[in-house]
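Only one structure is covered here, and it is reproduced in the block below.
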There are 2 protein chains.
Amino acid sequence: MRDSVPGPRWLSADERAAWLALLSTTTLLPGALDAPLQKAAKLSLFDYNVLAMLSEAGNRTLPMSELAARTSASLSRLSHVAKKLEARGLVSRDTHASDARVTAASVTDAGMALIEELAPLHVASVRSLVFDQLDARDVADLARIGRKLMRGMDAGHWILRDPAP
Amino acid sequence: MRDSVPGPRWLSADERAAWLALLSTTTLLPGALDAPLQKAAKLSLFDYNVLAMLSEAGNRTLPMSELAARTSASLSRLSHVAKKLEARGLVSRDTHASDARVTAASVTDAGMALIEELAPLHVASVRSLVFDQLDARDVADLARIGRKLMRGMDAGHWILRDPAP
DNA sequence: GTAATTTAGTTGTAGCTTCAAGTAATGACT
DNA sequence: AGTCATTACTTGAAGCTACAACTAAATTAC
């Protein structure tokens, strides 16, 4: 009665298979990457990423907004985390000279030392959980599909900017 | 200078591109799917999934362990959520007749009515965020890659069991 | 038959995330 | 110069999740 073909067409069998795989992956992957960092240094994956993005930035510093963009986080979330990392001495924050609205976050030397120490561990998890499971074609397909999905969620996301030289 | 060969080999450029796309996707997708359900019915994506899995099960009922497996959740997480959904009258729990250790969770009629009401909305989000962005080849690739990733995280996951009848 | 182990689930709690609201600085408009 | 809107955050509280500890039922082992 209700469904003379459900409102927005339901998923095909292929789509359903892909959907279930994607859903379970997004559910389990973050936790799996979190655990080793948590055990080694009481850092979440997100914490690690904040430090990593800062460490790769020019003079180890980024405005909060830009850092939020690069970590795909809300400003609110980032603010809470930055506060915590600052309390731990891994990050410092200063208001920008020419625009007092912006806060520039930087990795401290201690923060730098910590990610450098953790990087091998983290890369090892990424490798064993992701890239050891995939062949070269999979990697290319994953990058292509990931970018397409990002387009749907946030067309202006930084990851979509440089079409890779 | 930057890459003086770190301990476990670092990611190649292709791998890095795929990794960034995957990381931002897993970061943003859950929230994007959550929001509409949250606004429409104060349900999280996980809540929705619990109800959906139960609604698809024989006689709308599953043991907690099996439900946890199908939602890729820990028993602890599921237990908290089941309690909440039970308080809202969407789910009921009863101890199994022949094995008093197992708790059987069921969707109530109210729960059934709610997912049926929400399904079109949710499918619409999944479609617009995921499948509208992908062509048929992408969908096949995504399913293949997703299953490979699941193998790395949990070789016994239910999603990997039936290679489609 | 009973002690030891395993299985199934629940609960408390700390910490994280989200959401709504607030502050303060800047830019735009008049 | 003064109002209005926007940008760039910060904060508090409510709710969710992970971890560790716990209970109770069923199996296994002796």
Side-chain angles (χ1 to χ4, degrees), chain A residues 26-50 61-88 91-106 156, chain B residues 26-50 61-88 91-106 156:
Chain A
T26 57
T27 303
L28 292 178
L29 190 54
L33 291 164
D34 231 284
L37 293 170
Q38 205 68 245
K39 245 176 297 185
K42 306 250 189 241
L43 279 193
S44 69
L45 174 60
F46 181 70
D47 295 339
Y48 179 90
N49 239 260
V50 167
T61 299
L62 286 173
M64 292 291 279
S65 315
E66 182 58 25
L67 184 54
R70 297 204 192 178
T71 54
S72 304
S74 69
L75 218 30
S76 168
R77 179 182 186 183
L78 178 61
S79 183
H80 284 294
V81 167
K83 191 178 176 179
K84 182 192 69 173
L85 294 178
E86 191 174 38
R88 283 182 61 177
V91 156
S92 65
R93 285 184 293 177
D94 309 275
T95 67
H96 188 84
S98 69
D99 185 342
R101 288 172 306 178
V102 352
T103 301
S106 316
Chain B
T26 59
T27 304
L28 292 178
L29 189 56
L33 291 164
D34 230 284
L37 294 170
Q38 204 70 246
K39 246 178 295 188
K42 305 247 188 245
L43 279 193
S44 69
L45 174 59
F46 182 70
D47 295 340
Y48 178 91
N49 240 259
V50 166
T61 298
L62 286 174
M64 292 290 279
S65 314
E66 182 58 25
L67 185 53
R70 298 205 192 178
T71 54
S72 305
S74 68
L75 217 30
S76 167
R77 179 183 185 182
L78 178 61
S79 182
H80 284 294
V81 168
K83 190 178 177 180
K84 182 192 69 175
L85 294 177
E86 191 175 37
R88 282 181 61 174
V91 157
S92 65
R93 283 183 294 176
D94 308 278
T95 67
H96 188 83
S98 68
D99 185 339
R101 288 172 305 179
V102 352
T103 302
S106 316

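The distance from atom OG1 of B:Thr27 to atom CG of A:Leu29, rounded to the nearest 0.5 Å, is 9.5 Å. Rounding to the nearest 0.5 angstrom, the gap separating the CD atom in A:Gln38 from the CG atom in A:Leu43 is 7.5 Å. The distance from atom OG of B:Ser72 to atom CG of B:Asn49, rounded to the nearest 0.5 Å, is 8.5 Å. Here the CG-CE distance, from A:Leu75 to A:Met64, works out to 6.0 Å after rounding to the nearest 0.5 Å.
Residues B:Ser79 and B:Arg93 meet the side-chain proximity criterion, which asks for heavy atoms closer than 4.5 Å.
Atom CG in A:Asp99 sits roughly 8 Å away from atom P in D:dA8 (whole-Å rounding). Straight-line distance from the CZ atom of A:Arg93 to the C1' atom of D:dT10: 8 Å, rounded to whole Å. What separates CG of B:Asp34 from P of D:dC16 is a distance of 10 Å, to the nearest Å. Rounded to an integer number of Å, the gap from B:Leu78 CG to C:dA8 C1' is 12 Å. A straight line from CG of B:Leu43 to P of D:dG15 spans 14 Å, rounded to a whole angstrom. Distance, A:Leu45 CG to D:dT17 C1': 15 Å, rounded to whole Å. B:Leu85 has its CG atom 14 Å from the P atom of D:dG15, to the nearest Å. If you take CG of B:Leu75 and C1' of D:dC19, they are 14 Å apart, rounded to a whole angstrom.
With the nearest nucleotide of DNA chain C identified for both A:Ala100 and B:Ala104, B:Ala104 has the one nearer the 5' end.
Here A:Ser79 lies in heavy-atom contact (under 4.0 Å) with a base.
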Item to complete: Report, as a single string ordered 5' to 3', how protein heavy atoms within less than 4.0 Å touch nucleotides 12-24 of chain C: B base, S sugar-phosphate only, - not at all.
Response: BB--SSBB-----
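Within the structure, salt bridge (Lys or Arg N to Asp or Glu O under 4.0 Å) contacts touching residues 67-84 of chain A (residues at least two apart or in different chains) are A:Asp47-A:Lys84, A:Glu66-A:Arg70.
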